[in-house]
Amino acid sequence: MTLRTLDSLGSLAGKRVVVRCDLNVPLQDGKITDDGRVRASIPTLDALINQGAKVVVISHLGRPDGAPDAKYSLAPVAQRLSELLGKPVTFAQDTVGAGAEAAVAGLHDGDIALLENLRFNPGETAKDDAEREAFAAKLAAFGDAFVSDGFGVVHRKQASVYELAKALPSAAGTLIATELDVLDRLTESPERPYAVVLGGSKVSDKLGVIGHLLPRVDSLLIGGGMLFTFLAALGHKVGSSLLEADQIDTVTGYLATAKELGVTIVLPRDVVVASKFGADAEHVVRPIDAIEDTEWGAAGLGLDIGPETGELFSEYIRGAHTVFWNGPMGVFELAPFAAGTKAIAQALTEVDGLGVVGGGDSAAAVRALGFSDDQFGHISTGGGASLEFLEGKHLPGLEVLGWQQ
Ligand SMILES: Nc1ncnc2c1ncn2[C@@H]1O[C@H](COP(=O)(O)OP(=O)(O)OP(=O)(O)O)[C@@H](O)[C@H]1O
Ligand SMILES: O=C(O)[C@H](O)COP(=O)(O)O
């Protein structure tokens, strides 16, 4: 079966259409610092509005604990959505309560509403199937059809991604269709050499994909928060850097597998060690075997790859014909720790072939560092989702829409 696309739903004029977007944008002091995911959701929403549908948008933001939490409110996103669409967006203060019911009931043809953060409700991410189904049923009551367009969450078996698609006539929106077109080129005979660059802070999520990626790539470059688990596996001390101590054995296994497969795992040679986590931290560059060899000792923490590593990684990237990069190389949000990410972004713009950036924070990073979207082959809205796609995993949010890899 192939992906069911929007046209499979027939005419949606006058119908209530629930649309799952991934509007999980980075926020600072309540302000959106990168609106890429909001922009990416516009084509589908515009198409539905233009058809005269009554559009009910749903999304998560961050990882709240199944209860309302003001700092994860989608209110700033409603405002940005309205600016980008050039029309009012009704914002409901809850997801399935009286506020949402009133917002949906008040929609006329061609109107649009955004409901509050899905993850303010325990049913969205519940482990128990019945709990997720019950929450999906409440969401389904708001629509005659469901459009799934949050590519960044298709790897999550969550109520609004999976169960809701079963509860209503459903199809993929144009963002998902576009993402799959490009990412398919990375799985179906990518031009060699093929390099994958991994970083970021969702270390346990991303370490898990490495085992499946190894047989598919020629080189794997490791930066960001996960590099310290690799350094620890090689016996280095990593101070107070991000570390998944319980993953050290797994990582040791990856290093051995890579050797057997003839895949190069490229690890940093130097890192930027800081006195603390903050823009005003003191910091020095240290070789990887001397991270604790600073005046801060074991309290020092690695917040970026060093300049020698930036050059080494850039050489690998420029030498490849296909490159996928997910996860910033350092804490790019703080100016002293942005250089590694900038070096890698620059190299990616110089790839002779297809260079893809994946992930909400990675996309935000390249834009914040002054690059424009058209300098890259593709900027995917999915971080974990695109990685799991590339490793060939069955993604619940795609399979439920008819997609088979
Ligand atoms: N050495 C480090 N220590 C701590 N945090 C780091 C380090 N290197 C990178 N980060 C952080 O990683 C975060 C991004 O990681 P994440 O894994 O979420 O990226 P992403 O996959 O692009 O985003 P998403 O998962 O939202 O799509 C950034 O906020 C950055 O500050
Ligand atoms: O940022 C992402 O990768 C997506 O929005 C999914 O978020 P999650 O990792 O919290 O499920």
Side-chain angles (χ1 to χ4, degrees), residues 20-28 33-34 36-38 40-41 59-65 72 77 117-119 124-125 150-158 160-161 179 197-209 222-231 238-244 268 271-274 276-279 281 283 291 300-306 309 324-341 344-345 356-369 379-389 395-397:
R20 176 40 158 123
C21 295
D22 179 4
L23 303 175
N24 183 21
V25 290
L27 289 172
Q28 216 165 15
T33 53
D34 180 72
R37 282 180 166 163
V38 189
S41 68
S59 176
H60 73 287
L61 184 112
R63 292 178 171 177
D65 225 3
Y72 294 114
V77 176
N117 196 337
L118 288 158
R119 292 185 184 170
E124 169 66 359
T125 54
F151 179 71
V153 277
V154 290
H155 59 318
R156 304 283 184 223
K157 196 171 181 188
Q158 295 178 351
S160 67
V161 179
E179 293 270 18
V197 190
L198 289 182
S201 59
K202 291 181 183 169
V203 179
S204 47
D205 276 13
K206 289 175 188 177
L207 280 177
V209 309
I222 306 287
M226 75 172 63
L227 78 87
F228 302 100
T229 307
F230 278 83
L231 295 188
V238 299
S240 301
S241 312
L242 268 188
L243 174 70
E244 297 277 337
V271 295
V272 181
V273 181
K276 60 173 184 175
F277 193 100
H283 50 93
I291 291 177
L301 65 167
L303 294 184
D304 195 10
I305 56 171
T309 307
F324 178 81
W325 169 33
N326 169 256
M329 293 292 100
V331 183
F332 73 94
E333 297 93 334
L334 307 176
F337 311 110
T341 302
I344 272 41
V356 177
V357 184
D361 285 303
S362 310
V366 299
R367 294 185 190 117
L369 295 171
I379 298 194
S380 170
T381 53
S386 49
L387 275 178
E388 291 194 19
F389 184 86
L395 303 183

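Note that ligands are numbered from 1 as they come in the structure, with each ligand's atoms numbered from 1 the same way.
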Query raised in the report: Considering only heavy atoms, which of I305, L303, V331 lies nearest to atom 6 (C) of ligand 1?
Result: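 Checking each option, the heavy atom nearest atom 6 (C) of ligand 1 is found in V331.
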Report summary line: In terms of its nearest heavy atom to atom 10 (N) of ligand 1, the top option of G330, G360, G384, G224 is G330
Identity and separation of the nearest protein heavy atom to [atom]:
atom                    : result
atom 7 (C) of ligand 1  : G225 N, 3.7 Å
atom 22 (O) of ligand 1 : S362 OG, 2.6 Å
atom 11 (C) of ligand 1 : S201 CB, 3.8 Å
atom 6 (C) of ligand 2  : G152 O, 3.5 Å
atom 3 (O) of ligand 2  : K202 NZ, 3.5 Å
atom 2 (C) of ligand 2  : R37 NH2, 3.5 Å
atom 17 (O) of ligand 1 : K206 NZ, 2.5 Å
atom 23 (O) of ligand 1 : D361 N, 3.2 Å

Under 3.5 Å, is there a donor-acceptor pair between the side chain of [X] and the main chain of [Y]?
X    : Y    : answer
T33  : P26  : yes
T229 : E244 : yes
N24  : H60  : no
D304 : V272 : no
S241 : G302 : yes
E124 : S160 : yes

As an exercise, identify every atom of ligand 2 less than 4.0 angstrom from a heavy atom of [X].
X    : result
N24  : 1 (O), 2 (C), 4 (C), 5 (O), 7 (O)
D22  : 4 (C), 5 (O)
R156 : 8 (P), 9 (O), 11 (O)

Quick one: does [X] get an N or O within less than 3.5 Å of an N or O on ligand 1?
X    : answer
K202 : yes
E333 : yes
G302 : yes
T381 : no

Can you tell me which portion of [X] lies within the under-4.0 Å heavy-atom range of ligand 1? Options are side chain, backbone, both, or neither.
X    : value
L227 : neither
M226 : neither
L242 : side chain

Report task. Examine ligand 1 and decide if any of its atoms is less than 4.0 Å from a heavy atom belonging to F228. Result ->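 Per 4.0 Å heavy-atom rule, F228 contacts ligand 1.
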Report task. For R37, counting its heavy atoms only, list the atoms of ligand 1 lying under 4.0 Å from any of them. Result -> 27 (O)
Query - Proximal atoms of ligand 1 relative to N326 (non-hydrogen, under 4.0 Å) - result: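 That gives atoms 20 (P), 21 (O), 22 (O) of ligand 1.
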[X]-ligand 2 polar pair, N/O distance under 3.5 Å:
X    : result
R63  : yes
Q158 : no
H60  : yes

**Report entry** Cationic N near anionic O, under 4.0 Å, R37 to E179
**Finding:** no
Query raised in the report: Is a salt bridge present between D205 and R63, judged by a nitrogen-to-oxygen distance below 4.0 Å?
Result: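 Looking at R63 together with D205, the answer is yes, because their closest N to O distance falls below 4.0 Å.
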Requested in this report: Determine, step by step, whether E388 and K157 satisfy the salt bridge (charged side-chain N to carboxylate O under 4.0 Å, His left out) criterion, reporting the C-alpha distance in whole Å, the side-chain angles of both residues, the deciding distance to 0.1 Å, and the verdict.
Outcome: CA-CA 13 Å; E388 291 194 19; K157 196 171 181 188; over 6 Å; no
Requested in this report: Quick one: closest heavy-atom pair of G340 and I305, and the distance?
Outcome: CA-CG1, 3.7 Å
